[in-house]
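Notes follow once the structure below has been shown.
Values reported hereafter were calculated over all heavy atoms of this structure, with side chains retained and with hydrogens, waters and symmetry mates removed.
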Amino acid sequence: MLRYIGRRILIAIPTLIIVSVLVFALQKLLPGDPVLTMAGEERDPQVLAYLREKYRLDDPIPVQYFAWISSALTGNLGISLRTDIPVLDLIMSKLPVTIELAIMAMIVALAIGIPTGIISAVKKGTTVDYTANVIALSGLSIPNFWLGIMLIMLISVRWKLLPASGYVPPTEDLWLNIKTMLMPAFVLGTGLAASLMRHTRSAMLGVMRSDYIRTARAKGLLSRKVILKHALRNALVPIVTLSTLLFGELLAGAVLTEQIFTIPGFGKLIVDAVFNRDYAVVQGVVLCTAVGFIFMNLLADVLYVLVNPRLRHAA
Amino acid sequence: MSVMPSSDIILEGVGLKKHFGSGGLLSSPTVVRAVDGVSLGVRRGETFAIVGESGCGKSTLGRLLLRLIEPSDGDVRYEGRSILKLNKSELRRLRRDLQIIFQDPFASLNPRMNVGDIIAEPIWLHDLASGREKRERVADLMRTVGLLPTHADRYPHEFSGGQRQRIGIARALAGDPKLIVGDEPVSALDVSIQAQIINLLEDLKDRFGLTLVIVAHDLAVIRHMSDRVAVMYLGEIVELSETDALFDNPLHPYTQALLAAIPIPSPANRQPKALLQGDVPSPAAPPSGCRFHTRCPHARTLCKEQHPALETAPDGRQVACHFWREIQGAGAGSISAPPPSAALAKRLALYRTWRERQDKPVATSP
Amino acid sequence: QTLRIGLNEDPDVLDPHRARTFVGRIVFTSLCNKLVDITPDLKFTPELATEWQWSDDGKSLTFKLRPGVKFHDGEPLNAAAVKANLDRARTLPDSLRKSELTSVDNVEAVDDLTVKVNLSRPDATLISQLSDRAGMILSPKAFASADFGQKPVCSGPYKFVERVQNDRIVLEKFADYWDAKNYNFERIVFQPIPDTTVRLANLRSGNLDLIERLAPSDVPAAKGDSNLVFAPVSGIGYQGLTINTNNGERAKSPLGQDKRVRQALELSIDRNVINEVVGAGIYPPAGQPFPQASPYNNPKFAAKGRDVAKAKQLLKEAGVDRVKFELTFGTSTTTQQIAEIIQAMAAETGFDITLRPTEFAAMQKEAQAGNFDVNVIGWSGRVDPDGNIHPFVTCKGALNDGRYCNAEVDKLLNEARSINDDAKRKQLYDAAQEILTQDLPIIYTYYQPWPFVHSKKVQNFKPYPDGMIRLKGVKFAS
Amino acid sequence: MTATAVVAYEVALPKKRSRVLAKFLKNKSAVLGGAIVLFFVLAAIIGPYLAPFDPVKPSFTSIRKPPSELFWFGTDELGRDLLSRMLWGARASIMAGVVSVFIAIVLGVPFGLVAGYFGGWIDAAISRATDAMLAIPFLIFAIALAAFLGPSLTNAMIAIGLSAMPIFIRLTRGQVLTVKAEDYVEGARAIGLPDFWILVRYVLPNVLPPILVQGTLTIATAIIAEASLSFLGLGQQPPNPSWGSMLNTAKNFMDQAPWMSIFPGTAIFLIVLGFNLLGDGLRDALDPREQ
Amino acid sequence: MGHEAVRQPITEAHTPQTIATSAQPLLNVQGLSVRFDGAPKGVNVVDDVSFSVSKGKTLCIVGESGCGKSVTSLALMGLLPTPPARIVGGSAMFDGQDLLTLTERERADLRGDRMAMIFQEPMTSLNPAFTIGDQIAEGIVRHRRVSKAEAMERALDMLKKVRIPAPEKRLRAYPHEMSGGMRQRVMIAMALANDPQLLIADEPTTALDVTIQAQILTLIRRLQEETGTAMILITHDLGVVAEVADEVAVMYAGRVVESGPVEAIFEDPQHPYTIGLMGSVPSLGRRQGRLATIRGTVPPAELMPKGCRFTPRCPFADTRCANDPPPLAEIKPGHRARCWYAPLEIHRGAAS
Ligand SMILES: Nc1ncnc2c1ncn2[C@@H]1O[C@H](COP(=O)(O)OP(=O)(O)OP(=O)(O)O)[C@@H](O)[C@H]1O
Ligand SMILES: Nc1ncnc2c1ncn2[C@@H]1O[C@H](COP(=O)(O)OP(=O)(O)OP(=O)(O)O)[C@@H](O)[C@H]1O
Ligand SMILES: [Mg+2]
Ligand SMILES: [Mg+2]
Ligand code: NI
C-alpha cells in the first residue's frame, strides 16, 4: 500500500509541474497589463515603470517562470500584487472556508444523491424512477448563480430565515456559521447531487444484476436487506470514489457560488485574482487547488482499495 | 526437440517462455510464468492438440506460436525460419499463413462491422481481390462455412454463437492460411453446435490441406479431432503423444488423472474414481521440482526437489516424469467407452439416414 | 454597536499612498484623517489642519495643525509627521500619489504644529489633493514597517482591527480620537459584496446597515422597501465616451478625424432615455466634466438633446453615409445596457456600432495602446475641476487614451491649474470647454451618482458627492 | 453438412438493424429527452424566422412589460420581446453546447486513442498533461481561456471545448484500454492489420458510444458553462441574446420582472434535462447489458 | 458442541413431514409455464414443463443453452425477475404446498431453508464485500433462531463438511482469495447450511476444470447420500448426467421433450433431439467417423413453430409436427417422450 501511494505521489510530480507551467502560461496569455491595473486611475508612468521593474515583468517569460517556481519550492509563493498579503497566508485563511463549504455541499449532495439513486434503481422504469431522475437532474440544470439569487430572494429577503451572504468563522459563532453556509452548500450540493444520483443508480443497477444478489435472495434474505446490505455495500465502491473526486473539484470549483454568496473561499479568490491580474495569487492558489485535486484523486484510489476487499487483501 | 525430421515440421516452438510481470498494483510485482520452457513441433497437415486445466498457459502458447505476443525467451520457427526477426512485409505474409480462431464467439468479432466486411478484411488487406471478385470470394467463404451469402450485410449480434464461430472461421480462411490455431474454438458452444463446428473444421482441413493446432480442455473433442496431443500443466508440457496412444495408456500421472476425471456418458458404467486432490497452484508461485508433485498420487521426495525433463519414450512419446516407467499402466483403461446400446445405435443410424436424405436435395457443398 | 457597510468590491492595499481603489477611499475615510476635508457642497473644511494659508506668489502653503491629535499607536501627530508623510507620498517608489503632488518641491516643519509646503509652481489643485489620500497622515513609526499595507495605523476616528481578504475589514472606535464624541459606533465592518442584487438583499434581510452604489435596476426595490432609506447623491464623477482621435491607426476613421461626425454621434444619443431606461432616474445627463454641484459647471454646456435630423445633416456635410465603429466597454450589466441603447439610437442616424464588452484589465491596456475606436469610460471625479478634465484632454494627459491634442486647450488648462482665483479659473475652463464641446474628444453621457441605501435605523447619514461615507454624527435610532 | 440446411429458416429472420433505435424508443424518458432536444433544436433552426419582433432593437415604450397577448413572454429591460430573444438565443445556447463538445471530442478523442492504444511514454505524457488540465478548475480554465481569446461566443465555445477536452481524453483512454484487450482487436492483429487501421476500424467505433453519451451530458454542462461565462461577460456578446446572458441580466430584475428569468431559466433547465435524458437513454440503448 | 444446538431443531422440524411424504415425490411440477414480457404471443420461455423429484433422488435437467433450464429453476425458487418474467400456468407442489401460489414473504421463508440453490458461476455468485463466514452465517441467522456466534460455528462445520482445507482460516477469507472450486464448495456449504430438503444446482460444475468438476460432483453426491436431500441438477453435459442422475428430463426450447430414468434415456432414447444430442457428443473411444449433428440452431422466439418446437431441426418432421404440439406421452412406465413418431423405428423405420 505504501509503495503504491509512494508511486502515485511520484506520478503527481510531473503533473504538478505541468500544472504550474500551464497556469503560468495561461495567465501570461491573458490580455491586459497587471501594472496598469495596479497603478490605479492615475496611471503615473513613473510608478508603472517602477512596478514593472519590481515584479520583473519585463524579463523573458521562462526567466519569470523559473524565478517563481524556485521561490515557490522554498515555500514562498509571493505576495498579492493587489493587497500585499503573502499568497501563502491567503491560502491558509481561505482553505478552511473552502473545505467547510466543500464538506457541507458534499453532505447535501450525498444526502440527496444516494437515496434518490437507490430508490430509482430499485424502482427502475417506474414513475418513482422518472421523478427522482428529474428532481436530481433539475439540480444540475439550474445554473448555480441563478438558483443562488433565487434562494437569497426567497429565504433571506422574503422570509428572513437565513443570512443572505457572508461568512462567519465557526470559531466565532458556530450556529451562525452553519446558517450562512446552508444556502451555498445547498446550491453547490444540488448541482453535484445529480451526478451522484446517476452514478448511484447505475452502480446499483449494475450490482443488482449481479449473481451474488441472486445468491443473497436465494438464502431467503428479504429485499430490504439485500438492497441495503449486499447491493449498497458493493455499489458504494464507485460512489465513494466519485465522491472524493467531486470533493476535489469542489475545492476550487465553487467559483460562482462563492461569488453570489460572497464566501471568501478559493473560487472567489482565484476569479478576483484573474480579473485583477494578480499573478502571484492565481499561480499560488491554482497550484494549491491542483495539489488538493491530485490529493483527492489519490485518496479516491486509496479509498477504492480500502472499500474493496478484493484489492485490500491483495495489498 | 521433436523426434520427427524437421522437413515435416511446419511450425516449431523452441524453448518458449512467456512471463507476465503483473504490475503488482498494491503488492510487490509478481511474475506469472504463463509458459515456461515449451518446445514442440507441429507437423504439416496434422491436427495438433494442446490440453490442460484453466490457466495452465494454453492460450498464451497458442498466441506465442503466432507471435501475437512476444516471447520472453525462445524462438518460433515457421517453415524452418524464425518468425521473431521478420520485417514488416514478411510479417504481413506470415499473418496470411497463420490464423487464429478464438474461443468466445461473442467477443471475437467486431460488433460494429458487418459480416461481409469482417470476412473481406483479410482479402482487402492482403490485396487478394477487389470489387466484384472480392464480393464473390466473401460469398464463397460464407457458403463454405455454411452461412448464407445474403447475410453479408448483417452484424455479428444478429447471429447465434455457432454462426459467429463460422464467421470467425471464414475470416480465418480468407487469407488462404496454411495453419490455423483454434483457441478453444468449440468450448463455448452447445453440444449440438459444437458437433457442427467440429465437423466443419475437419471438412475444411481436408479440403484446404490445413494444419490445425487446437487448444482445448474437453478431452473427448481432442480425441475425436486430433492426431497428436500435448498435455500442459502450469506452463509446461508434461506429455506429448499420438492421440490414441495417449488415451489408451497415459504415461504422466497428470494425464492419467485428467482422463480419470472425465465423466463417462453411460449410466450403466458408473464406477468410483481415483480423484485428483486439491487445486491447480498459481502460476505465479509454481511448486518446486516437478510442478505436479503437490497433487500427484505417486509423488516422492525426488519430485519435490528435482524438475523432470521431457524425456522421449521408446515409442516416440514424450513425458516429463521421473517415474513414468514405474507407474506406466496406472491409468490404462481408465477410459472405458462402452459401445452405445443397441437401441441407441439403431436409432442413431436411422437418424443419420434421415438427415442425409433430407439434406440431399438442397445440398450444395461440401 | 456595530455598523455593517456593504461595499461594491474588495479594497486593495490599505496604504493610502499606494492604494488605488475607490472603495479603499471609503475605508480610509473612517480610518485615516487628512489635512483637509470637504463639505457636501464641495468646500474645503478643516480636519487635521485647523487653518491654511497660501503665500502671495501661490508657491507655498502653510498649515496649522490641530493640537493634541494622536495616531492609533499613540504617537503624536505633529508637523514632523506630516512632513514625513508628504515626503513618503512623493518618494515611495510605488506611491500612486506622486502625480498628485508633482508641484510640491519640499516640505518644512516650521514648528511642532506648523507645516509649510513649498511648490515649484503655483498649483490650484493642491488643497483638493490634500483633501484626499495624498493628504492622509499615517503614523511614521508604523509606515516604516514593510507590512503597513496590511496593518495601517492612522489617526482617524476608527482604528484597524482585522482584514480578511474578500470577506471583511473590521475597524474599531479609537478612544483617543480628538472628535470621539461625535462617533457613535463601536465597530465598523466593511463587507465587499460585488453583486448589487445580493448586496441589497443583505441590506433588506438585515445583515447590513448601509450599502453603497446600488444598481439602478434595484432602485425600485430599495424605494419600495419601507425599512430602507434611499439616499442618492449626484457625484462628482461622470460617464462618457472617449473617442480615439489621435492614437494610432484606429484614429484614422471618419469618427476620429472629423469632429462633425462626433457631433453627429452626440446628437444621436438621447441621454434622457439612458437616465430613464437604465438609470432609473438617477443618471442625470452630462454635457461637461464638471458636476452640477460644482461652481465650474456652466449651463451653457449642458447636455444636448437628441436631434436626428441635425445629426444626419452633419454626417452629410462630413461626406459620409454610414459610419462604422466599435464601442468598447467594461463588462457590467449597466454599462452593457447603455451600450446597447447607444447602439440602437445611433443606428437611426447612420452609425453601425459593434459592441465589444471587455474585461477591465484588458480594456485599460488596449486603451493605452490605441487599440479602440470608442471606449465607454467612467471617472470617479475629483473635487478640484482640474482633476476631471486636465488628465483627459491635454496632450500629455496620463488618462488621455484618445491622445486628443490641442495646443490651445493645453494652454488654457495648464493656466487654470496654476491660479488660485476661482473666477479667473472658471473663465479659463469655459474657454477650454468652448473648444472641447466642438471637438468632442469625449462625449459625456451622465453624471455618476452615488446611490446609498441604508436601513431606517441608521440616522443622520449624509451622502457626499465624492461618494465617501462620513460617519460623524451617524447613529442608530434608539 | 450443408450450408442451406443450416440456415434454412433464417431466410425469414426479420432484420434487426434498428435494435438500438427500438430499444431507445422503448425508453420513455429517453424519448422525452430526445423530443425536448429536438424541439429546441428546431426552435434554434427555424425560430429566428418565426420570431415576432427584432430581438436586438430596444423599444423604450415597452420596457419590462409582463407577458401579454402581444409579448407572449413579456419584454426585457430595454423593451425587447423576450420570446424573440429566446428564439434567437436558442441558437447561441445550443451552439455553445454542441460546438464546444464537438471541439472537445474532436481534440480529445485522438489523444485518448493514441495514449490508450500505444501506451508507454506517449501515454504517460498525455495522461500527465490530462491530469494537469483536470487539476485546474474547469471554470477557471474556461475563464482564463475566454479572457485570453477575447470575449465572444465563438471564443467561449473554444474555451469551454478546450476545458472539457481532458474529460474526453481520459474517457477515451480508459475505453481504449478495455477495447484493446478484446479478442476482436487481437484478431485484427492476427490478420496483420496495421495499427492505424485497427484504431480506425476497430477501436474507434467501439469507444465511440460511451463518448457520445458523455458528449450529450457534457453538452448540458457546456450550456451551463456558457451561462456562467455570460455571467462574467465572457459569453455571447450584446446585443445578441443567449439564454445564459439573458438570465444573467434578468437576475437584476428578479423582483420587478420575474418573467425575464423564468423563461430563459426554464429553457436552460429543459434543454439540459433533455440532453441528460437523451444521454441516459443513449447509454441504455447502446449498452447490450441493458434490456 | 455448538452445532448440536443448531441441528436439533432442524431435524425435529422436518422429520414428521418427510416421513409422511416420502412415498410421494417431494416436489411435483405440473405444466409450469413462464412468459417474458415482450415475447411473441403464445411463445413461453418455459412451456408446460412437468417433472418430479423424490427425497434422496437426483433429477437432471439437460438441454441446450437458452432452453429454459435456469428459468425453470428460478421460477421454483421464486427468484425470477418479475417483471419481465411472469409465471402463467402450472403448479409446483413442494411438500404439500404449491410454491407458485405462495406470497413473496412465504417464499423468502422457504428459500435457503427448506429449498436451496447453487449457481453456475462460482466466481461471481459470492458477494465480494463480505467474508465467507458472514455469507454462510447470514442464511442461518435468517432462518434459525440462533446467535451470530452460533451461526458462525455452524458455518465452520459446513466448511469442514465440504472439505475445505483450513476451514477456520477460510471463514474469515473473502471470496476473491479462493479458487473457483473452493468457491463452489462454499456455495454448496451455504446451500446446505440449513439442511434443505431440496437442492437445486444450476450447472454447478460448468465453469470448472474437469478435475475440479469431478471433485465437486463427488462431493455433492456424498453429501446428498448423507442427508437424503432431493436434488435437481441442471447441466448440459451428458457425461455428468450419466454419472449422477436417477431421473432425467431433456428440455428443448422451453419444453420437456423426454423424461425418464437415466438408464432409459441413455439406452433407449426416444426423442429425435435426445438421439441427435447423443450423436453430437464425441466418443472417448477410438474415432468413429463424423459426428451425427443436429442441424441449425434453436429458432428465435418469433419463428417458433406452433407444433413441436424441434420441427425445423428434426430429420423426421412433417407437417403434423409443425402444426400440432405432441403430448408428453408415456412410452414405457416412467419414460415419456414428446414426439408423434416415438418409437422411431416403428413409425419411421422404413424409408418414406
Ligand atoms: N496479459 C496477461 N498479463 C498477465 N498475466 C496473464 C496474461 N495473459 C495470461 N496471463 C496469465 O497467464 C496464465 C496462463 O494464461 P492462459 O490464458 O494462457 O491460460 P489458459 O490455459 O488459456 O487458460 P484458460 O483455459 O482459462 O483459457 C494465467 O495464470 C493467466 O492469468
Ligand atoms: N430476464 C430475461 N428477460 C428476457 N428473456 C430472458 C431473461 N432471462 C432469460 N431469458 C430467456 O429465457 C430463455 C431461457 O433462459 P435460461 O437462462 O433458462 O436458459 P438455460 O437453459 O439456463 O441456458 P444456459 O445453459 O445458457 O444457462 C432464454 O432464451 C433467455 O434468452
Ligand atoms: Mg485460454
Ligand atoms: Mg442457465
Ligand atoms: Ni459442534
Side-chain angles (χ1 to χ4, degrees), chain A residues 1 114 118 120-130 200-201 203-242 302-315, chain E residues 37 70 73-74 76-81 83-84 104-132 134-144 172-177 183 186-187 190-191 193-194 196 199-200 202 207:
Chain A
M1 195 74 200
I114 292 189
I118 294 176
S120 77
V122 171
K123 305 259 174 203
K124 181 175 191 253
T126 64
T127 330
V128 180
D129 180 18
Y130 298 135
T200 308
R201 180 173 181 271
M204 281 297 280
L205 281 179
V207 169
M208 296 288 279
R209 257 199 305 260
S210 57
D211 290 344
Y212 53 79
I213 292 302
R214 201 177 51 188
T215 310
R217 298 219 293 135
K219 276 187 269 189
L221 300 186
L222 301 176
S223 309
R224 213 188 138 74
K225 181 142 191 190
V226 172
I227 290 163
L228 292 182
K229 182 177 173 189
H230 286 263
L232 188 57
R233 179 64 215 272
N234 284 284
L236 229 43
V237 176
I239 297 171
V240 166
T241 313
L242 178 76
V302 171
L303 279 178
Y304 183 78
V305 170
L306 287 184
V307 290
N308 198 342
R310 202 184 315 229
L311 299 175
R312 189 196 324 154
H313 281 251
Chain E
D37 290 347
S70 298
S73 54
L74 292 175
L76 295 178
M77 288 294 286
L79 291 177
L80 273 182
E104 178 52 37
R105 177 68 204 229
E106 286 167 330
R107 278 162 172 256
D109 286 342
L110 213 58
R111 278 203 295 267
D113 185 9
R114 290 168 58 200
M115 51 196 295
M117 188 159 176
I118 308 172
F119 298 98
Q120 175 170 1
E121 285 292 336
M123 303 312 267
T124 54
S125 291
L126 291 170
N127 193 330
F130 300 102
T131 61
I132 301 302
D134 276 345
Q135 295 190 55
I136 301 177
E138 185 181 45
I140 303 169
V141 173
R142 163 72 176 89
H143 294 288
R144 298 281 173 269
R172 287 185 304 277
Y174 284 91
H176 69 268
E177 298 167 78
R183 291 190 209 187
V186 171
M187 285 296 295
M190 200 183 284
N194 287 322
L199 176 66
I200 302 178
D202 187 357

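- A salt bridge links E/E104 with E/R111; the closest basic N to acidic carboxylate O contact falls under 4.0 Å.
- Within the 3.5 Å criterion, the main-chain N or O of E/I136 finds no donor-acceptor partner in the side chain of A/K219.
- Contacts between A/K229 and chain E at a heavy-atom distance below 4.5 Å involve backbone atoms as well as side-chain atoms.
- Here the closest non-hydrogen pair linking A/M204 and A/A231 is CE-CB, 3.8 Å.
- Residue E/R105 touches chain A through its side chain alone, counting heavy-atom pairs closer than 4.5 Å.
- Your options are A/T215, A/L236, A/V207, and the one with the most heavy-atom pairs under 4.5 Å with chain E is A/T215.
- A salt bridge links A/R201 to A/D129: at least one charged side-chain nitrogen sits closer than 4.0 Å to a carboxylate oxygen.
- In terms of heavy atoms, A/A218 sits closest to E/M77 at O-CE, 4.0 Å.
- Interface remark: E/L74 contributes side-chain atoms only to the contact with chain A (heavy atom separation under 4.5 Å).
- Proximity to chain A (any heavy atom under 4.5 Å) is restricted, for E/L126, to the backbone atoms N, CA, C and O.
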